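Reviewing the structure listed below.
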Amino acid sequence: MITVNDLKNAELKGWLQGWIDLCKPAQVEFCDGSEQHYNTLCDLMVKTGTFIKMKYPQNSYLARSDKSDVARVEERTFICAKDEANAGVTNHWKAPAEMKAEFNQIFDGCMAGRTMYIIPFSMGNPESPLAKYGIEITDSAYVVVNMMIMTRVSQTILDRVDAGREYIHAVHSNGAPLGADQADVPWPCAPVEKKYITQFPDTREIISYGSGYGGNALLGKKCFALRIASVLAKEEGWMAEHMLILKVTNPEGKYKFVTGAFPSACGKTNLAMLTPTLPGWKVETVGDDIAWMRFNEKDGMLHAINPEAGFFGVAPGTSMKSNPNAMKTINVGNTIFTNVALTEDYGYWWEDGDVKDPGTVVDWLRRPWNKAWNPAGPAAHKNSRFTTPAKQCPVIAPEWESPEGVPISAILFGGRRKTVVPLVNESRSWEHGVFMGATMSSEMTAATLGGAGQLRFDPMAMLPFIGYNVTDYLAHWLEIGKHPGAKLPKIYYVNWFRRGEDGHFLWPGYGDNSRVLKWIFERCDGTAAAKETEIGFLPTEDAIDMSGLDVSDEDKKILLSVDKEGWKATLPQFEEWLNKLNKYADQGHPLPAEIFAQLETLKKNLA
Ligand code: OXD
Ligand code: MN
């Protein structure tokens, strides 16, 4: 086993030693990404009670978190840019020096009695010119094994960093030091008000304290691949986006790659792994959450890589109906479940899955649970997850690890809209597409703050993930559109969630979304029909293949037409939203005039 002293890179050595001195762990362990290390850590966590070994699927484990630590904590997430205007209205901000001073106290001794793990990892195929490396320090074995599924961890990465390759500095602690006589708990963490998820864009650092859950702790994902990477992308002329990547192949064997940005809980993983209902069509997966895109100077197209190596999917609602390929991926084994219910025979269960009534199970709060007892809450937490290797996915695209990435023909945007927004709308131009992304929104329900009818905006599904000022982010999107010689993807706004007046879904969704993908595919080839409308190009009445589909003519009409009055009524909310983004205009961060110009065009078209 190597030690810090074996390293040659003075910067790396100094950085690690600084954190060791501050955190004061009982021991330090380097991770080499080996199966043996993975198994050793899993066995250790079974002993400490963090993991339960499941009987099904094989080689899989269940973790149950502390009940206060169940999701990303946006209110405790900070962009520590030089000044507040650099963080912009979509981020919480803290001054870097103040935050560091606070961390010097908070981290002091925070790993007492624990092991500090050092994880060298790559986001993307390590041999790809689009990949980026990182080192995460953590005191959580749970984080290590999840990072081993979600990223590429290896000794080679450490060797390359030691030889001088650039890397992102990431530090994580559960924030639960262990006293000499203190009994441990299965899920150590700190109370909510002591949690910090911080990104330092200027020094490319991530420091996370107090939470062991998901994106708060697996620092390669949201913190690195989105927040820090979005800053690097802006500086280096590429894009880091909250997007799935899929490959769609037509019956003649011709294929295209498409990315899609949808807010959390809009079925991104399902779309990425969709089983088409259209005969002869095929969809394969490149990624389900994040896309890094860069112009390929040979073909002028944006090429995308999936920087991740696994899926960290929401379990409830995943079933053989909603996503058979995700179920098959999980069922291969090697899966970590977090906060799902445990069945009597040591399998998994969650709400809206394949088994309606599991009998008596142990719920995520470790209590016996049975539907017949009318329990107060669900058996699986609604943000319970599976962590599972992407390579196990039966429809993983052969190109998914391609070093040069896959050429993108179309970008989809979409939210959850019961009303107004049609099934699919093609932007008139790149700039119009950027406007569509900037005004991406979902309806709030009566249960959400703001109430029914109000829109919740989520630009490019990046609201909690843009590592800098949102106006500069939108300016960067517009800049990408001006790349010399670019063959830009077409941009589409889709909405699978439109409802009729009686509340029924107008569109069946799931595998039938392949019908929309087919239209998009054929639009890219210039062979599908569209009509120009006030809001963009919509499919003509019969341009979407509806064969064998049980959708009434009336519903089809609603799905494919412009609700002019509805759009007009939405405009004030668009305007209010854009003005809100523009708060730092006079501090050097104006919303690009082009975005306001697009709003004016829309207003004029609808007048
Ligand atoms: C996720 C999210 O977990 O977007 O992927 O919240
Ligand atoms: Mn996501």
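From a predicted model like this one, the values you see are computed outputs, not experimental measurements. Index from 1, following the sequence. Order of listing sets the numbers, starting from 1, for every ligand and every atom in it.
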With salt bridge (Lys or Arg N to Asp or Glu O under 4.0 Å) as the test, would you mind laying out the steps for Lys583 and Glu84 before giving the verdict?
-> CA-CA 11 Å; Lys583 177 174 172 195; Glu84 195 164 2; 5.5 Å; no
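Cation-pi geometry between Arg76 and Tyr196 is met: the NZ or CZ atom falls under 6.0 Å from the ring centre, inside 45° of the normal. In this structure, Arg227 fails the cation-pi test against Phe465, since its NZ or CZ atom is not both closer than 6.0 Å to the six-membered ring centre and inside 45 degrees of the ring normal.
In this model, no donor atom of one side chain and acceptor atom of the other lie less than 3.5 Å apart for Ser384 and Asn339. Side chain to side chain, Thr419 and Glu443 meet the donor-acceptor criterion of an N or O pair below 3.5 Å.
Aromatic ring centroids of Tyr142 and Trp187 lie under 6.0 Å apart.
Glu284 places no side-chain N or O within 3.5 Å of a backbone atom of Lys247 that could act as its donor or acceptor partner.
For the Mn ion (ligand 2), protein N/O/S neighbours under 2.8 Å (waters excluded) are Lys222 NZ, His242 NE2, Asp289 OD1.
Taking a heavy-atom cut-off of under 4.0 Å, ligand 1 is surrounded by Arg72, Lys222, His242, Ser264, Asp289, Arg385, Phe465.
A distance of 12.0 Å separates CD in Glu241 from CG in Asp289, rounded to the nearest 0.5 Å.
Between Arg152 and Glu401 a salt bridge is recorded (basic side-chain N to carboxylate O distance below 4.0 Å).
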